[in-house]
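Protein chains get the first letters and strands the later ones, always in sequence-line order, with residue 1 at the start of each.
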Amino acid sequence: MTVSNLRLFLLPALGALLLAACSHAPPPWQLNDVRGHLPDLQFNLTSDTGKPVTAADFRGEYVMMYFGYTHCPDVCPLTLVHLHGVMQKLGAEADKVRILFVSVDPTRDTPQVLHQYVTAFDPHIVGLTGTPQQITAMAKRYRAAFNQDAQQSNGGYEVSHSSGIYIFDTAGHARLLGTSADTTDEIAHDVKLLVGQDS
Amino acid sequence: MKKLSYPFAFASLGLLLAGAAFATQSSPIKVEHGWVRWLPANLPAAGYAVIRNDGDRPVKLTGADSSDYGMAMLHRSMQQHGKDTMAMVDALSIPAHGEIKLAPGGYHFMLMDATHPIKPGDTVHITLHFADGETLQATWPVKPANAE
């Protein structure tokens, strides 16, 4: 998400924050505070180990969620490497955090392929896939529209998808929104702040 | 890049001057810091490098091929309207005395259909093609998926 788009999208959120600031100072988030502006974590999908999973399975953990697909050799790895870097900066706190990589290409992303892909980046990543209907519903819920680009002569295709990194607290409430343009320090700072607020 | 000792550098300079008459044979284009990000399950990988043009004229990179992959395509990733998108690129111009960086999140070669099993630690051979018909051979290391 570009900065200008983010600003447009978050204007109401900023207004609310300013009002809140009259009574008490808001926490100094580095990312965009989306509390109350995006729905709670909720889904019925299939994990990269082939098991059905719901958001309830991740209650009690902080979640960093990103939409992508495995036939994406550049920007999806870039974002996952970025989140891997955040995990390294979190140190011991990393055990309280889960990365969810939601496939927007369920046709090609079987649990098996997804499993090999996500484990190559970080042990804390869970890959999620499902039926096209389930994935569409999930993307809609987080306004993470995606679309399959025109098929190439070799049968391959690309999928344009949201660049958002969605961060949820242990109760599954959406709290922060960033992108890979935010540094690992900024993201780690905010996750630590979230963990610190709760402990 | 390796540091050259002064005597060696001077000797090389002499050789360079001697070779100046054959300038058309030594390319002003250099490919540096090339590498490939490995991905499992024979998924498409991405190749990155810095391509430098020391010549007085712009050059145009038009594509690449590799004996290690069935296909190598020049692509560009972009973040637009909150979305990550990828598009094919027909050619990429490198200005005179300038360079372009093929780097994560921007221009890259999408390397598909490996012709044999490839793993981190391997090296792969890439041939870059330019609009004037010139080709350049490069050997790039294959790094793990989570390489920076």
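Connection of B:V36 to B:Y48 is not established within any shared hydrophobic cluster, with ILVMFWY side chains joined at heavy-atom distances below 4.5 Å, either directly or through further cluster members. Under the 4.5 Å side-chain heavy-atom criterion for ILVMFWY residues, a single connected hydrophobic cluster contains both A:L193 and A:L176. There is a path of hydrophobic side-chain contacts, each under 4.5 Å, that joins B:L136 to B:I94. Residue B:L102 is not grouped with residue B:M86 when hydrophobic side chains (ILVMFWY) are merged at heavy-atom distances under 4.5 angstrom, including chains of intermediate members. When the side chains of ILVMFWY residues are joined at heavy-atom separations under 4.5 Å, either directly or via intervening members, B:M110 and B:I51 end up in two distinct hydrophobic clusters.
Neither the backbone nor the side chain of A:F67 comes within less than 4.5 Å of any heavy atom of chain B. In this structure, chain B has no heavy atom under 4.5 Å from any part of A:Y157. Only the backbone of B:A147 has a heavy atom closer than 4.5 Å to any heavy atom of chain A. For A:N147, the parts lying under 4.5 angstrom from a heavy atom of chain B are both the backbone and the side chain. Interface remark: B:M78 contributes no atoms to any contact with chain A (heavy atom separation under 4.5 Å). Interface residue A:Q152: only side-chain heavy atoms are found under 4.5 Å from chain B. Interface residue B:P44: backbone and side-chain heavy atoms are both found under 4.5 Å from chain A.
Around CG of B:D90, the count of heavy atoms belonging to other residues, nucleotides or ligands within 6.0 Å does not exceed 12. Heavy atoms of other residues, nucleotides or ligands lying less than 6.0 angstrom from CD of B:E148 number 12 at most. Few gaps surround CZ on A:R108; more than 12 heavy atoms of other groups in view lie less than 6.0 Å from it.
Of all heavy-atom pairs between A:E158 and B:H75, the closest is OE2-CE1, 3.4 Å. Among all heavy-atom pairs drawn from A:C72 and B:L39, the shortest one is O-CD1, 4.3 Å.
Scanning residues 117-127 of chain A against chain B with a 4.5 Å heavy-atom cutoff picks out A:Y117, A:A120, A:F121, ordered by number. Contacts with chain A (heavy atom to heavy atom, under 4.5 Å) involve these residues of residues 60-73 of chain B, listed by number: B:M71, B:M73. Residues of residues 73-94 of chain A having a heavy atom under 4.5 Å from any heavy atom of chain B, listed by number: A:P73, A:D74, A:V75, A:P77, A:L78, A:V81, A:H84.
The candidate from B:N42, B:N146, B:D113, B:L111 with the greatest count of non-hydrogen atom pairs under 4.5 Å with chain A is B:N146.
With a 4.5 Å cut-off on side-chain heavy atoms, A:Y66 and B:D84 count as touching.
The side chain to side chain donor-acceptor pair (under 3.5 Å) check on A:Q30 picks up nothing, with sequence neighbours excluded.
Remark: A:S163 OG to B:K83 NZ distance equals 10.0 Å, nearest 0.5 Å.
Between the side chain of B:T85 and the main chain of A:S160, no donor-acceptor pair closer than 3.5 Å is present.
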